[in-house]
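Read the structure below first, then the notes.
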Amino acid sequence: MRKMLFKTSFPECVFLGITLLATQSAIAGTALSEVTSVRQNELMYFLKHDCGSCHGMTLKGGLGPALLPETLSGKSKEYLVTTILEGRTNTAMPPWKSMLSRNDAMWITEQLQSGSIMQTKLAKGAK
Amino acid sequence: MLRSILLIIAFVLSQNAGARGTGDLGIVIERADGSVQIIETSTNSSLGRIEGLGDLSHASAVYSRDEQFAYIFGRDGGLTKIDIVNKKIIKRIMQSGNSIGGAISQDGRLIAVSNYKPGGVKIFDAETLALVADIPATYGNDGLLSKVIGLVDAPGQKFIFSLWDGDEIWVADLSDSSKPKITKFKNIGRNPYDALITPDGRYYIAGLFGEDGMAMLDLWNLDAGVKRILDGYGKGEKKLPVYKMPHLEGWAIAGHFAFVPAVGRHEVLVINTLDWTEAGRIKVHGQPVFVMARPDGRNIWVNFAVPNNDTLQVIDTQSLKIIKTLTPGKGVLHMEFEPRGGQVWASVRDEDRLAVFNTETFEQLVTFDAKKPSGIFFTSRAHRIGL
């Protein structure tokens, strides 16, 4: 049977979402999402191979736009988190909320915007 | 004297050691490591690896007509010509910033590459990889460049391709390779995402992402223009998120039925090729990515988008029913049939291996290590139109 890697329970998801929203509004931009290291590896893999099927494995773009720190720098964290979870209407970007929790999306956004961890992990080949 | 005889013997031996037919060879793209593995299907073994091909996510390949050379189209805009017999890179160029696929011309002398950035098609000399022609995919009135998808070769030294942003299909006649003659078809439907051509090279069909339907061009009757088929196949039904763009590679055809993935639905669509109307739908396990016919057309094999990409399903083309569901492992990205269809190779990306199945018994015959394998391409493609 398939392992459900991307399922966070609903109450947990809502709780994390609320917590993070609260944290974010308190100290905007400085909050770092709490994601277990196991989950971080799963998300890195997901980012590289599944997001990568449209955005490029090195995130330099493809059918979807590049997701490099310089291309994302002008966009708010909330905008990016919403884009990941809800998708973008009239584009090929689907909503990922059935596979990613809000907390996952927050963590991914932080990685994408900071860039440094991403580049290191991508270079090594996240597994 | 003795020395020169030894030298001659050594030379002859070295020549013979390399001699080998290539009809049972293939390559496997190892997407994360920028390498290709060379495999053979007579005894199912790996013959080695060629490294240093850059970013090979979403890479594809075509073969020279002598089946000795493969041209690999990398996501990073790299175009690499490799020698699969001597396992080495012949030439490698960076031809754009971001590329999606390519094709080889009818006469084998031209390689065409479709690019996302800058949007367009570039044509190269197959021997030297020197640029022969540049076709920017301009659309609209503001000189915008469109991403290009669905590039195929067609009889008469033509390449056909579609403009994702521009909603157009272009036919490029390369009879005079330095002066491509372009025929454009506009407003073919929103966001063509991939395309295929029938094995006879007559019908070019683009799948539409932005609309439920497909755009079809009869290359024998260009004046008739682009015709919409399967229009509104999802009408009145809720759209599902599309987690991976489906592919329209080759042509899954059996008798007068053709099989294509439905965009965003857990369905394979069946087309009656006599009148190009919908002949049925088959419910499947997830969103189909590749819908591929076994070469004899009796079965159709389907793989799926994430999160259902651990599964393969087999459809019987007489009953239009699923007759087998296999779970080779996480990340089944691509399949390739042997030319006569007895075995199918599948890449299982997340488990870093290739799995080979008997297509009658569905028994897994062997698995191989491969580093994040994606596309599998056998040399038999060298002699098929549109692959």
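Sequence lines set the chain letters: A, B, ... in the order given, protein chains first and strands last, and positions in each chain run from 1.
In this structure, R75(B) has no side chain to side chain donor-acceptor pair (under 3.5 Å) partners at least two apart in sequence or on a different chain. Shown here are the salt bridge (Lys or Arg N to Asp or Glu O under 4.0 Å) partners of D369(B), two or more places apart in sequence or in another chain: there are none.
Considering every non-hydrogen atom in both S53(A) and H58(B), the closest pair reads O-CD2, 4.2 Å.
Expressed to the nearest 0.5 Å, how far NE2 of H49(A) lies from CG of N309(B) amounts to 11.5 Å. Between K60(A) atom NZ and N98(B) atom CG the span is 9.5 Å, to the nearest 0.5 Å. Within the model, atoms OG1 of T91(A) and CZ of F209(B) stand 7.0 Å from one another, a figure rounded to the nearest 0.5 Å.
Side-chain atoms of D55(B) never come within 3.5 Å of backbone atoms of G56(A) as a donor-acceptor pair (strictly under, hydrogens ignored).
A donor and an acceptor atom, one from each side chain of Y243(B) and D50(A), are nowhere located under 3.5 Å apart.
Within the 4.5 angstrom heavy-atom criterion, no atom of R190(B) approaches chain A.
Residue with the most contacts toward chain B among G52(A), G87(A), G62(A): G62(A) (heavy-atom pairs, distance under 4.5 Å).
When side chains are defined from C-beta on, K147(B) counts as touching L63(A), because their heavy atoms get closer than 4.5 Å.
Crowding of K371(B) atom NZ: a count of heavy atoms from other residues, nucleotides or ligands under 6.0 Å exceeding 12.
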